[in-house]
Amino acid sequence: MDGLDEEIAETEDVATERDAVVSAVYEHAGTIARELALLKGGDYGQETFSTSKGDWTVKYEAGNLDYLRYSGKKGDIYVVSTKQPPAPDDLALAMEDYGAFVRAFNDHVASFEGILDDVPTDFPEVASTASVVEERDRLVRTIRETADAISAQLHRFNGTDYGAWKTTVSGKRWELKWEGDRASYLRVGGEGGVYLVSQYEPPSAPDVKRHAEGFRGFIEAFNEHVDELDANLSHVEL
């Protein structure tokens, strides 16, 4: 049959040469990727460099080259990628502009030289927050001691080791949760609110200032609650 006796051309040599070029570009452009990561201060990103014939995009992840894409008249050519190597003719076309790409990168780096020369490093002295933190901690300790005292009363009256007491002060929801004679937390504003007392970090100084007056109202509400209980029990006859 016609054609069956024709010898089929082998592509191994072309593919091997193509792979060798891609490997060399990966090594060389990988250095560009690492330099970009250093320059931009991150391990992930991308940058595009323009030449007279097209655009080159370097994308890097964890400081390593992810892909190198050339966008010219023929469209996008992935010179280096994690998927498949380019066709030999596409690679040849892109490599005609590779030197211009490297020069564009070098010009980009050179544009930063001296950019920080006039940046002052004689900064104003940083104000200390020590006095604010000390006053915040003093107020939080006072709030904690009072919350613990209330917890002890609630523990005694309710006869349970765990519980919560809630009230509203000036339109804000206050909740005290106790464990034994100690406050587990004191929260203002419901879910997502401010924890004036907690097992974790202390509240901010602005939050303490904002809710200090409300805490007085919380104490008054608790005292009224106790007075009501006392009045109700005083009428019980056995």
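Using modelled atom types, one finds no donor on one side chain facing an acceptor on the other under 3.5 Å when comparing Asp55 with Thr48. Checking Tyr162 against His155 by side-chain atom types alone, no donor-acceptor pair falls below 3.5 Å. Judged by distance alone, the side chains of Thr51 and Asp97 do bring a donor and an acceptor atom under 3.5 Å apart. A side-chain N or O of Glu175 and one of Tyr185 form a donor-acceptor pair less than 3.5 Å apart. Side chains of Ser151 and Asp148: a donor-acceptor N/O pair is absent below 3.5 angstrom, by distance only.
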Test log, rule side-chain contact (heavy atoms from CB on, under 4.5 Å), inputs Arg187 and Lys166: CA-CA 10 Å; Arg187 185 176 63 202; Lys166 304 175 184 178; over 6 Å; no
List the steps and the verdict of side-chain contact (heavy atoms from CB on, under 4.5 Å) for Ile219 and Arg216. CA-CA 5 Å; Ile219 298 171; Arg216 294 176 62 89; 5.6 Å; no
May I have the step-by-step check of side-chain contact (heavy atoms from CB on, under 4.5 Å) for Thr57 and Leu68, ending in yes or no? CA-CA 6 Å; Thr57 300; Leu68 176 65; over 6 Å; no
What verdict does the side-chain contact (heavy atoms from CB on, under 4.5 Å) test give for Met95 and Tyr70, after you've listed the backbone C-alpha separation in whole Å, the side-chain angles of each residue and the deciding distance to 0.1 Å? CA-CA 9 Å; Met95 291 308 295; Tyr70 172 64; over 6 Å; no
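Remark: the backbone N or O of Tyr195 is not paired with any side-chain donor or acceptor of Ser198 at under 3.5 angstrom. Of the possible donor and acceptor atoms, none in the side chain of Ser23 sits under 3.5 Å from a partner among the backbone N and O of Asp19. Arg136 places a side-chain N or O within 3.5 Å of a backbone atom of Pro203 that can act as its donor or acceptor partner. Between the side chain of Thr129 and the main chain of Val132, no donor-acceptor pair closer than 3.5 Å is present. A donor-acceptor distance shorter than 3.5 angstrom exists from the side chain of Arg144 to the backbone of Ala183, with no hydrogens or angles considered.
Contact detail for Gly63 and Arg34: the closest heavy-atom pair is O-CG, 3.1 Å. Closest approach of Pro86 and Val79 over heavy atoms only: CD-O, 3.6 Å. Minimum heavy-atom separation, Ala147 to Val197: CB-CG2, 4.4 Å. For the pair Tyr98 and His28, the tightest heavy-atom approach, listed with the atom from each and the gap, is OH-ND1, 2.7 Å.
At a threshold of 4.0 Å, the pair Arg138-Glu135 counts as salt-bridged, since one of the basic side-chain nitrogens sits closer than that to a carboxylate oxygen. Ionic pairing of Arg18 and Asp89 is not present here: no N-O contact between side-chain nitrogen and carboxylate oxygen is shorter than 4.0 angstrom. Salt-bridge check for Glu47 with Lys40: passed, with a basic side-chain N closer than 4.0 Å to an acidic carboxylate O.
Counting only heavy atoms from C-beta outward, the side chains of Leu93 and Lys74 approach each other to under 4.5 Å. In this structure, the side chains of Glu61 and Asp43 stay at 4.5 Å or more apart for every pair of heavy atoms. Residues His211 and Val194 form a side-chain contact, since some pair of their non-hydrogen atoms from C-beta on lies under 4.5 Å apart. Put simply, the side chain of Leu196 reaches to within 4.5 Å of the side chain of Trp174, judged on heavy atoms. Annotation: side chain of Asp66 is not in contact with side chain of Tyr60 (no heavy-atom distance under 4.5 Å).
Criterion: ILVMFWY side-chain heavy atoms under 4.5 Å apart, direct or through other members. Under it, Phe101 and Tyr67 are not part of a common hydrophobic cluster. Grouping the Ile, Leu, Val, Met, Phe, Trp and Tyr side chains by contacts below 4.5 angstrom, directly or via other members, places Val226 with Trp165. In terms of hydrophobic clustering, with Ile, Leu, Val, Met, Phe, Trp and Tyr side chains grouped at heavy-atom distances under 4.5 Å, Tyr78 and Val80 are assigned to different clusters. Both Phe112 and Leu116 sit in one connected hydrophobic cluster of ILVMFWY residues. Membership requires side-chain heavy atoms under 4.5 Å apart, directly or through other members.
Within a 6.0 Å radius of CG in Asp118, other residues, nucleotides and ligands contribute 12 heavy atoms or fewer.
Atoms OG1 and CZ, from Thr146 and Phe218 in turn, are 10.0 Å apart once rounded to the nearest 0.5 Å. Rounding to the nearest 0.5 Å places CD of Gln153 at 9.5 Å from CG of Asn223. One distance of note links CZ of Arg182 with OG of Ser184; it measures 9.0 Å at 0.5 Å rounding. Separating the CG atom in Leu36 from the CG atom in Leu65 is a distance of 10.0 Å, to the nearest 0.5 Å. The line from CG of Leu154 to OG1 of Thr160 is 8.5 Å long, rounded to the nearest 0.5 Å. From Leu39, atom CG reaches atom CD1 of Ile32 across 12.5 Å, with rounding to the nearest 0.5 Å.
Between Phe105 and Trp56, the ring center distance fails the sub-6.0 Å criterion.
Aromatic ring orientation, His225 versus Phe222: tilted (interplanar angle from 30° to 60°).
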